[in-house]
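Lettering follows sequence order; numbering is per chain, from 1.
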Amino acid sequence: MSVSRRQFIASGAVAASVGILAGCESPRVQTGGDATPLAEAIVPFDGPVQAGVATPQQASLDLVGFRLKEGVDKRALARLMRLWTEDARAITAGDTPLGSLEPEMNQKPANLTITVGFGERVFDIAAPAKKPAWLHDMPPLSRDQLDPKWGQTDLVLQICSDDPLMNAWAMRHMTRAAMDYVSTQWVQQGFMNAFGSIKEGETPRNMFGQVDGTVNPHTDAEYAEQVWIDEPGDFAGSTSMVVRRIAMNLDTWEMLDRTSREEAVGRKLDDGAPLTGGDEHTPPDMNARDEYGLPVIDRNSHMARSMPPADHPEQQFKRRPYNYNLPPEPDQEQLSNAGLVFITFQKDPDVQFVPVLARLDEADRLNEWITHIGSAVYWVPPGTSLVGAQDRFWGESILS
Amino acid sequence: MYKAGKLTVLAVASGLALSACSPAQEQPSTETAVAASATETVSETTTVEKETDAEGVLQLENGTIRAKQAADQPEGKNMTGLFGTLHNTSDADVQIVGFETSLGEAAYEIHEVVDGVMQEKVGGITIPAGGTHELKPGGDHFMIMNYDPEIPAGDVVDVTLITADGQKVSVSDVAVRSMLPGDEDYGADGSLQGHHTHH
């Protein structure tokens, strides 16, 4: 295409092309006849932005954090990104990636997306002058219990699809293809509803039973405003990814009655509507009072504390969280080992996300039942294309 | 098999664009519709299609060189294999008797696996007009030997196929990949064994 990537994003055409996917039924496509429901479910890999950010959430997540092997320099990073991009392009299209003897394992990609993120160290090695100012550890928060085992990694792959076996094989191939360059540091697996179990566009729930993900960009303009970086030129179509691993104490949460649970968040459990009425997407009325003159929505409820303040409307971001539910640790007291892999995308986490985290750390009714146990930040390179002026492989402009 | 998948992608993407907000409907059957078309357009858009520059003789589809470390490294070797699917796109049989690469000086041999043992394939590979021949672990393959330096995953190598009648057919940008299969020290039955005709 002749239009520059920046123009393409500014014109809203980006979200339009993913809007096709995000808006209604596509790409979670139902087919008639003998075809299985996900038979033709392919998310295009190339484009001005990477897939897997605006793509409607698929059922399975494998978020893989990688550590660079010793001696990996800029040229090695370029080689890795070249092979990873080519292989991801093939796998997500249902084509056998080079070197694979298992063509059967990805014939039905089931809406597979593979999204890469660069940690701070990649810039330190390859392009220190280009490192975004926001690409650093989250500032420590008083309630955090961050475990280094869920900490920052050099690279991350977000692998999502509507088929857990497809996800597993994609993770396998990307891992083995990169074996000379990286080792796996952690894997954060997650899930939401299986394809076909909830309606298209319906906001999924977390293990607290809450509708989770209501406040999000939806339109082209909102994505352009909140998510897609548009300058400098190399960076057009990129974004940031923040990963917060959040442990949930289901034992103590479930001691609450439903009303108390709703008050902690500020939303109804049944449909996610704010306690002041309407439906899920109705804005809350923060000034509403009950018959005692008390605020209907607790000032310290999760919703109240996470909302952007009137004087900081820029504190918005894309939330794309997944649930996790692990085997309980042998010595743990809680019955379950569950929580959220809370992934967000935004132009600048320092401006849009950190202030929200800080405000929640200061006060949030929900803090009683959640603990942040992991944190990582990444630059998500622009999308790729084999035609035109875009990067042919992930991060090409900063790795050249 | 490989091509059909890519063609399906292109068709589905455009199909989605057209049918975005209509109720669930049959996706067009893409495999047959596009199978006949657009090898040209597909070849622009996929690395797999970086095949021959010479017209109408030979193409190497999914060409892959097995990555290796330098011979002086603990896990290093001085040889590696090249795999892929050869297509004879001409209307006459073609006999491939050798090859070279942009790696430079090395021993380039065509090998076969017979009764689990790898050996040089006398007479090379003859592909009938319009036919294909697969180079694969456990089967016929090309060997790059007596080559000490690293061949790292993610690099690309230019390959030149040499035919019995002296034609040289270039195949550019053959990709290097880490592969678990294709270690020449393992026979087709999975047992560790030596390579015949080591130089």
Side-chain angles (χ1 to χ4, degrees), chain A residues 16-17 19-33 35 37 39-47 75-87 89-90 92-101 103-104 106-107 109 176-181 200 385-387 392-393, chain B residues 1-31 41-50 62-69 75 83-84 136-138 150 152-156 174-182:
Chain A
S17 68
I20 293 166
L21 308 173
C24 354
E25 285 82 357
S26 300
R28 306 188 67 153
V29 174
Q30 298 284 346
T31 59
E40 307 294 337
I42 288 181
V43 176
F45 177 79
D46 289 301
R75 293 183 50 164
L77 277 163
R79 289 196 298 270
L80 173 60
M81 288 308 140
R82 179 173 187 156
L83 72 89
W84 255 3
T85 307
E86 290 174 4
D87 287 5
R89 181 179 289 126
T92 55
D95 296 333
T96 310
L98 295 180
S100 164
L101 299 188
E104 299 82 5
N106 71 308
Q107 285 175 343
R176 68 187 181 186
M179 68 171 103
D180 288 343
Y181 297 110
E200 298 301 331
S385 175
L386 289 174
V387 296
R392 294 173 68 86
F393 59 84
Chain B
M1 175 197 292
Y2 304 115
K3 283 192 168 118
K6 289 185 291 294
L7 297 171
T8 301
V9 169
L10 297 177
V12 168
S14 55
L16 287 170
L18 299 173
S19 66
C21 286
S22 38
Q25 63 187 56
E26 289 256 342
Q27 286 299 307
S29 166
T30 54
E31 302 241 0
T41 49
V42 169
S43 71
E44 303 290 57
T45 57
T46 61
T47 52
V48 167
E49 300 296 328
K50 289 237 168 47
N62 292 332
T64 311
I65 293 173
R66 190 174 190 273
K68 76 170 191 74
Q69 295 188 26
E75 307 276 318
F83 310 101
K136 63 184 182 185
E150 184 191 22
D155 258 2
V156 291
V174 175
V176 181
R177 286 290 189 277
S178 298
M179 287 176 61
L180 290 160

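- Between atom NZ of residue K136(B) and atom CG of residue L101(A) there is a gap of 9.5 Å, rounded to the nearest 0.5 Å.
- Within the 4.5 Å cutoff, the side chain of D180(A) has no heavy atoms near those of the P152(B) side chain.
- For R75(A), the salt bridge (charged side-chain N to carboxylate O under 4.0 Å, His left out) criterion is met by no residue, not counting sequence neighbours.
- Only the side chain of P181(B) comes within contact range of chain A, judged by heavy atoms closer than 4.5 Å.
- Inter-residue side-chain proximity for T96(A) and N62(B) is flagged as unmet; no heavy-atom pair is nearer than 4.5 Å.
- By the 4.5 Å heavy-atom criterion applied to side chains, L180(B) and M179(A) are counted as neighbours.
- Taking 4.5 Å as the limit, every side-chain heavy atom of R82(A) sits out of range of all side-chain heavy atoms of D155(B).
- Residues meeting the side chain to side chain donor-acceptor pair (under 3.5 Å) test with D87(A), sequence neighbours left out: H173(A), R177(B).
- The two atoms that bring M179(B) and G99(A) nearest to each other are CG-CA, 3.8 Å, heavy atoms only.
- In this structure, CG on L98(A) lies 12.0 Å from OG on S178(B), to the nearest 0.5 angstrom.
- No part of F393(A) comes within reach of chain B, as not one of its non-hydrogen atoms sits under 4.5 angstrom from that chain.
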